[in-house]
Protein chains: 2
Amino acid sequence: MNYSELANVLTQNNLKVTPQRVAVLEALMSLKDHPNADAIKEFVHKNHPNLAVGTIYNILETFCEKKIIRKVKTDRDFMRYDIEMHRHHHLYCEECDYIENYYDEELDKLLQEYFNRKKIPNFNIKDINLQILGNYNDHNPIKKKY
Amino acid sequence: MNYSELANVLTQNNLKVTPQRVAVLEALMSLKDHPNADAIKEFVHKNHPNLAVGTIYNILETFCEKKIIRKVKTDRDFMRYDIEMHRHHHLYCEECDYIENYYDEELDKLLQEYFNRKKIPNFNIKDINLQILGNYNDHNPIKKKY
DNA sequence: TACTAAATAGGAATAATTCTTATATGAGAA
DNA sequence: TTCTCATATAAGAATTATTCCTATTTAGTA
């Protein structure tokens, strides 16, 4: 995605186009494994060494409000961010803290049918996310982030 | 659960029985809504005003290692703890940050069958947790914690 | 170009959690 | 019971992710 495409994403969400926002958006698209604020900082600092950390948090919060990204939580202490907004679930590798997106329409259909049938009293379901915990067979240390 | 029953839980997990651990265990069993460390501190301080906060974190970490409790995170900022270790999922109320346990054997069976059939390449599933996001119809402000 | 609301930089403040170290204690051994 | 020692705790300092504050800058519009 080039600059004007990134800028378009912002414009379409009624956000002013700033170099900082474009840089953070680019970082979110480039970084795999659901980066935390620090990983995003590292990435954007390559080209924008003066971009303030507080600004990154501001931008991430703004993106969340506009539903451009989503927060992902693990057992650890910091927030991580996910730019993929198509329906998906998460694989959590317990050994390397890698998080991978898991897409499965059949599963989604199964869940949707199930909860249409079996309602939860007094509760309106807006979203269902599966946390699938486990570990990779071909555990690849390259994936390790910490 | 009385003192000796609580102590038994610790003994069965090869943990020394200390008043602090018993107090934290009691707090975890008494407090609903997946307390955070602060709520546990408040509870145990009624009877053990000198119990150090660091000790509470130590104990919670020990309990996690022994699988007596489990960590749960929301979009908010602190860790919360769940003593219910029977298979269950979580309802997250987006309006009041209440977390409720959701038990459904039929659902568990459905998921188990599904993933037995449809394996994920190179990934060993150890656990599956549904995060069911939404809000209560009869939204009760009493449930609000923050 | 000028204007204005919004965004950012920079750094201080906050607060949940972790770390450190001296002291205390539970549980088994004698 | 008393002794012993590995382990647990208290107390508070340290860490650190995130938020807050405010002066300055800037994007978008007229």
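No experiment lies behind these values; they were computed from the predicted model shown.
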Regarding Pro49(A), tell me which of base, sugar-phosphate or nothing describes its non-hydrogen contacts under 4.0 Å with the strands shown. nothing
Does Ile132(A) belong to the same Ile/Leu/Val/Met/Phe/Trp/Tyr cluster as Leu133(B), with side-chain heavy atoms less than 4.5 Å apart forming each link? no
Reading DNA chain C from 5' to 3', where do the contacts with chain A start and stop? Cut-off is 4.0 Å to heavy atoms. dA5(C) to dT17(C)
Judged by nearest nucleotide, the residue sitting upstream toward the 5' end of DNA chain C, Asn58(B) or Ile56(A), is Ile56(A)
So Asp38(A), base contact, sugar-phosphate only, or nothing? Heavy-atom distance under 4.0 Å. nothing
Give one of base, sugar-phosphate or nothing for Thr18(A), where a contact means two heavy atoms less than 4.0 Å apart. sugar-phosphate
Name the residue from Asn58(A), Leu10(A), Ile83(A) that meets the side-chain contact (heavy atoms from CB on, under 4.5 Å) definition with Phe63(A). Leu10(A)
Chain A on DNA chain D: first and last contacting nucleotide, 5' to 3', under 4.0 Å to a heavy atom? dA17(D) to dG28(D)
May I ask you to decide if Lys16(A)'s main-chain N or O and Arg21(A)'s side chain share a donor-acceptor pair within less than 3.5 Å? yes
Distance-only polar pair, side chains of Asp82(A) and His88(A), donor-acceptor under 3.5 Å: yes
Hey, which of these two, Gln20(B) or Leu15(A), hits DNA chain D nearer its 5' end, going by closest nucleotide? Gln20(B)
Validation row: Tyr81(A), Leu31(A) side chains within 4.5 angstrom (heavy atoms): no
Taking the six-membered ring for Trp, are Tyr136(A) and Phe123(B) parallel (under 30°), tilted (30 to 60°) or perpendicular (over 60°)? perpendicular
Within the distance-only criterion (no hydrogens, no angle test), does the side chain of Lys66(A) pair as donor or acceptor with the backbone N or O of Asn13(A) below 3.5 angstrom? yes
Can Tyr3(A) and Asn8(A) be counted as having a side-chain donor-acceptor contact under 3.5 angstrom? no
